[in-house]
Asker: 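Encoded as C-alpha cells, here's the structure I'll be asking about.
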Amino acid sequence: MRTLPLLLATLWLPRLAVAQELSAAERRITAAVDAGVAQSGRLLERAVNLNSGTFNLAGVRAVGRLFQTEFGRLGFRTRWLDGRAWGRAGHLVAEWRGSGTGPKLLFIGHLDTVFEPDSPFRKYQRLRDSTAQGPGVIDMKGGNVIMLLALGALKQAGLLAGFQVSVVLTGDEEETGTPLSKGRAALLEAARWADIAIGFEDGDGDPRHAVIGRRGWTGWTLTTKGRPGHSSLIFSQEVGSGAIFEAARILAAFRDSLAGEANLTFNPGLIAGGSDVTLEKTGERGRVFGKSNVIADQAVVTGDLRSLTIEQRDRAKQRMRAIVGRHYPLSDAAIEFEDTYPPMTPTEGNRRLLQLLDQVSRDLGAGPVSPVNPANAGAADVSFTAGLVDMAIDGVGLKGSGGHSVHETADLRTLPIQAKRVAILIYRLTKL
C-alpha cells in the first residue's frame with residue numbers, strides 16, 4: 001500500500017472532470033443509503049439527546065455505548081478503552097477485518113461535545129424537513145451517523161466483506177485529557193496500521209468542500225516579572241517598567257514580527273498581572289490582586305499558536321523565544337510551549353484522495369468537491385495521522401452551521417449525499 005500514491009498519480013492525473021456512470025455495485029450502495037436515511041435520522045436524534053460534554057464522563061460513555069451497539073450490529077469487533085489514565089471518559093474502538101487485500105482504512109470521529117449538562121442547549125429539535133438543531137448535531141454526532149450509514153450501505157450491498165476498517169471515536173476531542181500520549185495512543189496505533197485516514201468532522205459546513213490540510217495547535221504561557229514599587233517610580237533606574245509593561249512589550253513584538261504570515265496565527269487569550277497572580281492548572285481561570293499605585297511585579301499570558309507545518313511552527317516558536325529574551329531593564333520573562341495537535345500538512349496523497357472524492361461526487365451528480373482553506377480548518381483528531389498514513393481527508397461528515405454555539409444546526413439534506421460519497425469512495429479504493 002505504500003505505493004498507492006504513485007498508483008493514484010498514474011490513474012487520476014490529469015484530473016477527471018466529466019461525470020461517469022455508476023457501476024451496478026455503486027447503484028446498490030446508493031439505494032442502500034437511501035433506504036437507511038430514516039433510521040439514521042432517528043439514531044442522530046437519540047445521540048444528540050444524550051448529553052456528552054467532555055467532562056460529563058457518564059454521558060460520553062452513554063453515547064459510546066449507543067454507537068458501540070450500532071457497530072456491533074454491523075459485525076464489527078468493538079471495545080471500550082477506559083480513559084482514567086488521561087482523566088477522561090475513554091474511547092470507542094471498532095474493527096472490521098474482511099477478506100480483501102485493499103487499503104487499510106481508518107475512520108475517525110468523537111463522542112464528546114462542548115455542551116456540558118448545565119448548558120441550556122440540551123435537546124434535538126427538528127426545525128423543518130431539511131434542518132435540525134441540537135448540541136453536537138454536526139460536531140460531530142452527525143459525522144458518526146454518516147460513518148455508520150456508509151458502512152451499513154456497503155454491507156447491505158454485499159460489499160463490506162472485502163474491507164479492512166478500524167474506527168476510533170475519541171471521548172475527549174473537544175478538551176483533550178493529559179497526558180496526551182496516553183489519550184491518543186489508540187489513535188496513533190490505528191494510524192500506524194492504516195493506509196488511509198478519513199475524518200468525519202463537518203469541516204467548514206459547506207458540502208462542496210473537504211479538508212486536506214489542518215493547522216496544528218500549540219499552547220503557550222508567557223510569564224513576566226518586574227520590580228515592585230510605588231507607581232511614582234515607574235520607568236526609573238531603581239524600579240524599571242514592571243511586569244505588565246514587559247508583557248505588553250513582548251505581545252506587541254509578537255504582532256510586529258509574526259503577523260501576516262500565511263496560515264500562521266497566534267493569539268493571547270488570557271492576561272493577568274499585578275502584585276499577586278494565581279492561575280488554575282487549566283490556565284483558564286485565576287485570581288489576581290493589584291493596585292493602581294503599585295508597580296506590578298508579575299504577569300501571566302496564555303495563548304495559542306496555529307501553523308500548517310511543523311517547520312512553520314518551530315520557526316515561529318524560535319522567533320517568539322528570541323523576543324521574550326530581550327528584556328526591559330530590571331524585568332525578566334520566560335515562555336513555555338505545549339504542542340498538542342500536530343499540523344495536517346496538505347500532501348500529494350491527500351490531494352489525490354480529494355480527487356477521488358471529487359470524481360465520486362461528480363458521478364453522483366452532486367457537483368465538485370474542493371479543498372477547504374486551511375485557515376478555516378481548526379485542529380482535529382485526524383491531524384494525529386499526519387506522516388503515518390499515505391492519504392488523509394476530513395470534513396466528510398454532516399454539514400451545517402453554528403458549531404460550538406446554541407445555534408448549531410444540521411442540514412439534513414447532506415446526510416445521504418455525504419454517506420454516498422464516502423461509501424463509493426472507499427469502494428473504489430479497494431478496486432485500485
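Just so you know, these numbers use all the heavy atoms, side chains as well, and skip hydrogens, waters and symmetry mates. Keep in mind that this is a model prediction, so the values were computed, not measured.
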Asker: So Leu279 and Thr221, side-chain contact (heavy atoms from CB on, under 4.5 Å) or not? Walk me through it.
Answerer: CA-CA 11 Å; Leu279 287 188; Thr221 300; 5.8 Å; no
Asker: Would you mind telling me which of Trp86, Trp80, Phe67 makes a ring-ring contact (aromatic ring centres under 6.0 Å, His included) with His91?
Answerer: Trp86
Asker: Could you state the interatomic distance from CZ (Arg73) to NZ (Lys155), rounded to the nearest 0.5 Å?
Answerer: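 Going from the CZ atom of Arg73 to the NZ atom of Lys155 covers 11.5 Å.
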Asker: Decide yes or no for Glu116 and Thr54: does some side-chain heavy atom of the first lie under 4.5 Å from some side-chain heavy atom of the second?
Answerer: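 Answer yes - side chains close enough.
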Asker: Considering non-hydrogen atoms only, spot the tightest contact between Ile323 and Ser257 and give its length.
Answerer: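 Ile323 and Ser257 have their closest heavy atoms at CD1-CB, 3.8 Å.
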Asker: Would you indicate whether the side-chain heavy atoms of Thr409 and Asp411 approach each other to under 4.5 Å?
Answerer: no
Asker: With distance as the sole test, does Asp195 use its side chain to make a donor-acceptor pair with the main-chain N or O of Lys104 at under 3.5 Å?
Answerer: yes
Asker: Within the 4.5 Å heavy-atom criterion, are Leu415 and Val33 side-chain neighbours or not?
Answerer: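 Heavy-atom side-chain distance check fails, nothing below 4.5 Å.
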Asker: Aromatic contact between Phe76 and Trp96, with the criterion being ring centroids under 6.0 Å apart: yes or no?
Answerer: yes
Asker: Quick check: closest heavy atoms across Ile138 and Glu408, and the distance to 0.1 Å?
Answerer: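 Minimum heavy-atom contact is N-OE2, 3.0 Å.
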Asker: Would you check, one step at a time, whether the test side-chain contact (heavy atoms from CB on, under 4.5 Å) holds for Arg428 with Asp363?
Answerer: CA-CA 12 Å; Arg428 290 185 180 180; Asp363 295 348; 2.8 Å; yes
Asker: Quick one, Ser166 with Arg97, criterion side-chain contact (heavy atoms from CB on, under 4.5 Å). Give me CA distance, side-chain angles, the key distance, then yes/no.
Answerer: CA-CA 8 Å; Ser166 284; Arg97 297 294 182 262; 2.8 Å; yes
Asker: Got a second to check how far Ile393's CD1 is from Leu353's CG, nearest 0.5 Å?
Answerer: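 Rounded to the nearest 0.5 Å, the CD1-CG separation comes out at 4.5 Å.
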Asker: Within the structure provided, determine whether Asp358 and Ser370 are in side-chain contact (heavy-atom separation under 4.5 Å).
Answerer: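 They are not in contact (no side-chain heavy atoms under 4.5 Å apart), so the answer is no.
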Asker: Above 12 or not: heavy atoms from other molecules or residues under 6.0 Å from CZ of Arg126?
Answerer: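 Yes, because the 6.0 Å sphere around CZ of Arg126 holds more than 12 heavy atoms from other groups.
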Asker: Salt bridge check: are Glu189 and Arg192 linked by an N-O gap of less than 4.0 Å?
Answerer: no
Asker: So, Asn376 and Asp204: side-chain donor and acceptor under 3.5 Å apart, yes or no?
Answerer: no
Asker: Measure from the side-chain N and O atoms of Asn49 to the backbone N and O of Tyr124, and report whether any donor-acceptor pair falls under 3.5 Å.
Answerer: yes
Asker: Salt bridge between Asp339 and Arg313, side-chain N to carboxylate O under 4.0 Å?
Answerer: yes
Asker: Are Lys420 and Glu26 ion-paired here, with the side-chain N under 4.0 Å from a carboxylate O?
Answerer: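 Judged by the 4.0 Å cut-off on N to carboxylate O distance, Lys420 and Glu26 do not form a salt bridge.
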Asker: Could you go step by step and tell me if His110 and Asp172 meet the side chain to side chain donor-acceptor pair (under 3.5 Å) rule?
Answerer: CA-CA 7 Å; His110 64 85; Asp172 63 341; over 6 Å; no
Asker: In Å and rounded to the nearest 0.5 Å, what is the CG to OG1 distance from Asn263 to Thr309?
Answerer: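 The distance works out to 8.5 Å.
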Asker: Is it the case that over 12 heavy atoms from other parts of the model lie below 6.0 angstrom from the CZ atom of Arg255?
Answerer: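 Check fails, neighbour count at 12 or below.
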Asker: For Val382 versus Ala392, what's the shortest heavy-atom pair and its separation?
Answerer: CG2-CB, 4.5 Å
Asker: So does Arg413 pair up with Asp129, basic N to acidic O under 4.0 Å?
Answerer: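 Asp129 and Arg413: not salt-bridged.
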Asker: In Å and rounded to the nearest 0.5 Å, what is the OG1 to CE distance from Thr385 to Met344?
Answerer: 6.0 Å
Asker: Using only atom types and a distance under 3.5 Å, with no angle test, would you say the side chain of Thr345 pairs donor to acceptor with the backbone of Leu308?
Answerer: yes
Asker: Please test Glu95 against Arg79 for salt bridge (charged side-chain N to carboxylate O under 4.0 Å, His left out), starting from the C-alpha separation and ending with a verdict.
Answerer: CA-CA 9 Å; Glu95 297 172 333; Arg79 66 184 189 275; 3.3 Å; yes
Asker: Should Leu398 and Gln418 count as side-chain neighbours, where that means a heavy-atom distance under 4.5 Å?
Answerer: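 Contact flag for Leu398/Gln418 side chains = no.
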Asker: For Ile212, is there any backbone N or O sitting under 3.5 Å from a side-chain donor or acceptor partner on Asn350?
Answerer: yes
Asker: Give, for atom CG of Leu305 and atom CZ of Phe254, the distance between the pair rounded to the nearest 0.5 Å.
Answerer: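 Here the rounded value is 9.5 Å.
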Asker: Measure the CZ-CG distance between Phe266 and Leu264 for me, rounded to the nearest 0.5 Å.
Answerer: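 Going from CZ on Phe266 over to CG on Leu264, the span is 6.5 Å.
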Asker: Short question: side chain of Asn51, backbone of Phe115 - any donor-acceptor pair under 3.5 Å?
Answerer: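 Between the backbone of Phe115 and the side chain of Asn51 there is a qualifying donor-acceptor contact (under 3.5 Å).
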Asker: What are the two closest non-hydrogen atoms of Ser40 and Leu149, and how far apart are they?
Answerer: OG-CD1, 3.4 Å
Asker: Does a salt bridge link Glu261 with Arg315, judged by any charged N lying under 4.0 Å from a carboxylate O?
Answerer: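 Looking at Glu261 and Arg315, the cut-off is met.
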Asker: Would you mind checking if Glu45 and Arg42 are paired as a salt bridge, meaning a charged N to carboxylate O distance below 4.0 Å?
Answerer: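 No salt bridge links Arg42 with Glu45.
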Asker: Go through the side-chain N and O atoms of Thr224 and Arg249 and say whether any donor and acceptor fall under 3.5 Å apart.
Answerer: no
Asker: Quick one: which of Ile426, Leu429, Leu151 gives a side-chain contact (heavy atoms from CB on, under 4.5 Å) with Phe163?
Answerer: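 Exactly one candidate clears the test, Ile426.
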Asker: Once side-chain contact (heavy atoms from CB on, under 4.5 Å) is applied, do any residues pair with Leu180, and if so which ones, sequence neighbours excluded?
Answerer: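 Here the qualifying residues are Thr176, Arg184, Thr340, Phe384.
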Asker: With a 4.5 Å cut-off on side-chain heavy atoms, are Leu159 and Arg28 touching?
Answerer: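 Result yes, sub-4.5 Å side-chain heavy-atom pair found.
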Asker: Search all heavy atoms of Asp304 against all heavy atoms of Trp220 and return the closest pair with its distance.
Answerer: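 Nearest pair, atom of Asp304 first, then Trp220: O-NE1, 3.1 Å.
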Asker: Glu173 and Tyr341: side-chain contact (heavy atoms from CB on, under 4.5 Å), yes or no, with the steps?
Answerer: CA-CA 10 Å; Glu173 195 269 353; Tyr341 280 81; 3.8 Å; yes
Asker: With the side chain counted from C-beta on, respond yes when Pro207 and Ile417 share a heavy-atom pair under 4.5 Å apart, and no when they do not.
Answerer: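 No, too far: nothing below the 4.5 Å cut-off.
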Asker: Evaluate side chain to side chain donor-acceptor pair (under 3.5 Å) for Arg421 paired with Ser361, printing each intermediate quantity in order.
Answerer: CA-CA 6 Å; Arg421 283 170 169 167; Ser361 183; 3.0 Å; yes
Asker: Taking Lys225 for the side chain and Ala243 for the main chain, is one N or O donor matched with an acceptor at less than 3.5 Å?
Answerer: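 Judged by distance alone, no pair lies under 3.5 Å.
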Asker: So Leu412 and Leu44, do their side chains get closer than 4.5 Å, heavy atoms only?
Answerer: yes
Asker: Please determine whether the number of non-hydrogen atoms from other residues, nucleotides or ligands lying under 6.0 Å from atom NZ of Lys182 exceeds 12.
Answerer: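 No, because the 6.0 Å sphere around NZ of Lys182 holds 12 heavy atoms or fewer from other groups.
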Asker: Do you know which two heavy atoms are closest between Val396 and Ile146, and how far apart they sit?
Answerer: O-CG2, 4.1 Å
Asker: Can a donor-acceptor pair be found, under 3.5 Å and without considering hydrogens, that links the side chain of Asn56 to the backbone of Pro117?
Answerer: no
Asker: Taking Asp394 for the side chain and Glu201 for the main chain, is one N or O donor matched with an acceptor at less than 3.5 Å?
Answerer: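 Yes, Asp394 side chain to Glu201 backbone: donor-acceptor pair under 3.5 Å.
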Asker: With a sphere of 6.0 Å drawn around CZ of Arg319, does it hold more than 12 non-hydrogen atoms of other residues, nucleotides or ligands?
Answerer: yes
Asker: Just by distance, do the side chain of Asn144 and the backbone of Leu169 share a donor-acceptor pair under 3.5 Å?
Answerer: no
Asker: Would you find more than 12 non-hydrogen atoms of other residues, nucleotides or ligands less than 6.0 Å from Gln156 atom CD?
Answerer: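 No, the 6.0 Å shell around CD holds no more than 12 heavy atoms from other groups.
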